[in-house]
Protein chains: 2
Amino acid sequence: MERSTLPRLTRAESVQRTRAALLSAAEDVFADKGFADAALDDIAERAGFSRGAVYANFANKTDLFLALLDNWLQREIDNGTRLTDSDNTPQQDIDALDGQGGNRFADRKRFLLLIEFRLYALRHPEVADRLRDYDRATMDWFGSTVERVAEASGIRLPAPTEQIALLVLALEHGIATLAHTDPERIPHDSFLDALTLLNRSLTAMAAAES
Amino acid sequence: MERSTLPRLTRAESVQRTRAALLSAAEDVFADKGFADAALDDIAERAGFSRGAVYANFANKTDLFLALLDNWLQREIDNGTRLTDSDNTPQQDIDALDGQGGNRFADRKRFLLLIEFRLYALRHPEVADRLRDYDRATMDWFGSTVERVAEASGIRLPAPTEQIALLVLALEHGIATLAHTDPERIPHDSFLDALTLLNRSLTAMAAAES
DNA sequence: GTCTATACGAAGATAGAC
DNA sequence: GTCTATCTTCGTATAGAC
């Protein structure tokens, strides 16, 4: 006996689709309301489902939050490493360092989620572990880029690569934080300015040492 | 007719005392649990009172949170400006910049509260305003210190004071964030190291320009 | 002003139908 | 796997005694 209709989606695909929709909705709602104030009802509704669908796909609210964290971090890391493989000019490298022309965390939603995750991590070590890996990956990415820039400029870095990478990442994070609090005084491209200043001064220091 | 007992505390003092105790307890509990998960019951109990005392002194949970914010920020600013008045040596200035030998936000509770406030500020503009004032005061403090260091060293700053102050504050914040996430790899005194590197490289840059 | 008791709403979680 | 209905917990806020 033949099946009367050929479903466009297999069962597995349908499940994945629901899960993906829920994760996407969760991303919006968690960013908007924060973990504690985000209602599973809102999330489900935004995804076009009912609360039951949430519990069919995730054990509970925390499980959904952690699944989103994994999903989000993986995308962020992929995004970063994808850019590393190219062989850029130094200026392109500097531009790429801060992600498509502005601080990566100039985007409000992106920044809100990151802070939400970081705050959660401060109280939950297992989440801190994942963010730690993310930060290390980012610093590796920054570090290799810094080295490429230095090599292209023919200078010898006046400090360990790791220290400079840490400095750059801390700057990106700190400036995003301050810019979101005081956008009138602190534009997000202060990060680019800071990188430029840093590049110039480190170059001057390297020259002075040789 | 004479009063039989002389109360150690006047009524007004007693009120202030209760209020202070509640604020202190709130500081602990908000830092520990976060705004949403902090129960007024816990706060009152920790202060040695019942929930009624909270509502006698504050309109509601948010009001208590905002009162704590004001209280906390004022203490932080007082703390900072108090250090500015001294006439330090350059090295003392550098040390003072990051607060008593380590990053000011190496302290877990202090950092948790700050992040809690910042996250709240991202969703509530009136709180962002207060943090903005705090950040500006801090940058002014950093800026005047940077100028004093430069003057003592006899160098001309190779960038606007404001930019350098922003850079220092962003570094302090960013490094505290990363250190709390990955304490094994990133010690809190990375901030001191970063300041030292920054000082050296900016000095080299200033020398190269003159 | 502070306490106890209570009302009330919100939201996470579960059970059972489809 | 998804939905609706229900249970339950929790915490804010209020009312009234002291």
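Just so we're on the same page: letters track the sequence lines, and every chain starts at 1. It should be emphasised that the depicted structure is a prediction, and the values quoted were computed from it without experimental measurement.
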_Under a 3.5 Å distance rule, please check whether A/Asn57 uses its side chain to pair with a backbone N or O of A/Ala53 as donor and acceptor._
yes

If you look at every strand shown and take non-hydrogen atoms under 4.0 Å, does [X] touch a base, only sugar-phosphate, or nothing?
{"X": "A/Ala38", "value": "sugar-phosphate"}
{"X": "B/Asp41", "value": "nothing"}
{"X": "A/Ala39", "value": "sugar-phosphate"}

*Do A/His173 and B/Leu178 touch side chain to side chain, with heavy atoms closer than 4.5 Å?*
no

*With a 4.0 Å cut-off, would you call B/Arg123 and A/Glu116 a salt bridge?*
yes

By nearest atom, which of the nucleotides [options] is closest to the [X] side chain?
{"X": "B/Arg51", "options": "C/dA13, D/dT2, D/dT12", "value": "D/dT12"}
{"X": "B/Phe49", "options": "D/dG1, C/dA13, C/dT2", "value": "C/dT2"}
{"X": "A/Ala53", "options": "D/dT12, C/dA13, D/dC3", "value": "D/dC3"}

Grab the [atom1]-[atom2] distance between [X] and [N] for me, whole Å please.
{"X": "B/Asp42", "N": "D/dC10", "atom1": "CG", "atom2": "P", "answer": "12 Å"}
{"X": "B/Phe35", "N": "D/dG11", "atom1": "CZ", "atom2": "C1'", "answer": "12 Å"}
{"X": "A/Leu40", "N": "C/dG12", "atom1": "CG", "atom2": "P", "answer": "4 Å"}
{"X": "B/Tyr55", "N": "D/dA15", "atom1": "OH", "atom2": "P", "answer": "13 Å"}
{"X": "A/Phe30", "N": "C/dA11", "atom1": "CZ", "atom2": "P", "answer": "13 Å"}
{"X": "A/Asp37", "N": "D/dC10", "atom1": "CG", "atom2": "P", "answer": "18 Å"}
{"X": "B/Phe58", "N": "D/dA13", "atom1": "CZ", "atom2": "C1'", "answer": "16 Å"}
{"X": "A/Leu64", "N": "C/dA11", "atom1": "CG", "atom2": "P", "answer": "16 Å"}

*Regarding A/Lys61 and the six-membered ring of A/Phe35, is the cationic atom NZ or CZ under 6.0 Å from the ring centre and inside 45° of its axis?*
yes

*asked:* Just by distance, no angles: are the side chains of B/Asn79 and B/Arg75 close enough, under 3.5 Å, to form a donor-acceptor pair?
replied: no

[X] vs [N]: side-chain N/O to OP1/OP2 distance below 4.0 Å:
{"X": "B/Asn60", "N": "D/dT14", "answer": "no"}
{"X": "B/Ser50", "N": "C/dT2", "answer": "no"}
{"X": "B/Thr18", "N": "C/dT2", "answer": "yes"}

